[in-house]
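In what follows, residues are counted from 1 in the order of the sequence shown.
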Amino acid sequence: ESIDEESLLEARNEDLIKQVADIDDATQKLTELIDKLNIASRERFGEVFATIQQHFAGQDGMFRKLFGGGRAEVRLMSLVKEVETPDGVKKVETGETDLLESGIEVIAKPPGKEPRSISQLSGGEKTLTAVALLLAIFQSKPSCFCILDEVDAALYEGNVARYCGGVREFT
């Protein structure tokens, strides 16, 4: 019986060796595919991001049109790494950016104000900045339709006119 059992174990071992080889081959193919997708994604996102930056923050960008001046910027945020210290794990900004891993920060300087992140703006300024960014995105990649319900609720009358003018460009 031990000879039969040994031949069964040998056959099972050969099957397992083939399975491990298949898994290794699949792992290698998946890694290559992920690398190709990362390269293509970085390239395409980089192109689209640059276009959106120009449409949003450029000289004739949507931010300047909707606010009647001012300055804005869309930029990648620095990567954050976790570093072990004697006091525990701390998060440290690296100063590096990665198109696929970095967050996106919107800086807006409406006319007569200092540069601020969007979170520091008033409700109406946030709304108009977000609409400017949305319209800039639509300029780079148009959409069939978009429903902007209650967008004007946070805007005062002067900004509603600018908002309507910006939307009118797309109709």
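Taking both residues in full, the closest heavy atoms of Lys65 and Asp60 are given as CE-O, 3.2 Å, listed atom of the first, atom of the second, then distance. Listed here is the closest heavy atom pair of Pro111 and Gly70: CG-N, 3.7 Å. What you find for Leu121 and Lys126 is that their closest heavy atoms are O-CE, 3.2 Å. Between Val83 and Val92, the closest heavy-atom pair is CG2-CG2, 4.0 Å.
Side-chain contact between Phe56 and Gln139: absent, with no pair of heavy atoms (C-beta onward) separated by less than 4.5 Å. Residues His55 and Met62 fail the side-chain proximity criterion, which asks for heavy atoms closer than 4.5 Å.
Here the CD-CG distance, from Glu5 to Leu8, works out to 7.5 Å after rounding to the nearest 0.5 Å. Rounding to the nearest 0.5 Å places CZ of Phe63 at 11.0 Å from CG of Leu133.
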Original post:
How far apart are the C-alpha atoms of Ile104 and Leu76, what are their side-chain angles, what is the distance that settles it, and do they pass the side chain to side chain contact (heavy atoms under 4.5 Å, CB included) test?
Top reply: CA-CA 5 Å; Ile104 296 174; Leu76 296 173; 4.1 Å; yes
I'd like a table of donor-acceptor pairs (distance under 3.5 Å, sequence neighbours excluded) in which one partner is a side-chain atom from residues 140-160, with atom names and distances.
{"from": "Ser140", "atom 1": "OG", "to": "Ile137", "atom 2": "O", "distance (Å)": "2.9"}
{"from": "Ser143", "atom 1": "OG", "to": "Phe145", "atom 2": "O", "distance (Å)": "3.0"}
{"from": "Asn159", "atom 1": "OD1", "to": "Arg162", "atom 2": "NH1", "distance (Å)": "2.6"}

For residues 34-54, tabulate all N or O donor-acceptor pairs below 3.5 Å that involve a side-chain atom, not counting sequence neighbours.
{"from": "Ser41", "atom 1": "OG", "to": "Leu37", "atom 2": "O", "distance (Å)": "2.8"}
{"from": "Arg42", "atom 1": "NE", "to": "Asp98", "atom 2": "OD1", "distance (Å)": "3.3"}
{"from": "Arg42", "atom 1": "NH2", "to": "Asp98", "atom 2": "OD1", "distance (Å)": "3.1"}
{"from": "Arg42", "atom 1": "NH2", "to": "Asp98", "atom 2": "OD2", "distance (Å)": "3.0"}
{"from": "Thr51", "atom 1": "OG1", "to": "Glu47", "atom 2": "O", "distance (Å)": "3.0"}
{"from": "Gln53", "atom 1": "NE2", "to": "Val74", "atom 2": "O", "distance (Å)": "2.6"}

Atom pairs and distances, donor-acceptor, side-chain atoms in residues 14-26, under 3.5 Å, two or more places apart:
{"from": "Asp25", "atom 1": "OD2", "to": "Lys29", "atom 2": "NZ", "distance (Å)": "3.4"}

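Looking at Arg71, its side chain never comes within 3.5 Å of a backbone N or O of Ala108 through a donor-acceptor pair. Looking at Ser102, its side chain does come within 3.5 Å of a backbone N or O of Met77 through a donor-acceptor pair.
Summarising the local packing, CD1 of Ile3 is surrounded by 12 or fewer heavy atoms from other residues, nucleotides or ligands at distances under 6.0 Å.
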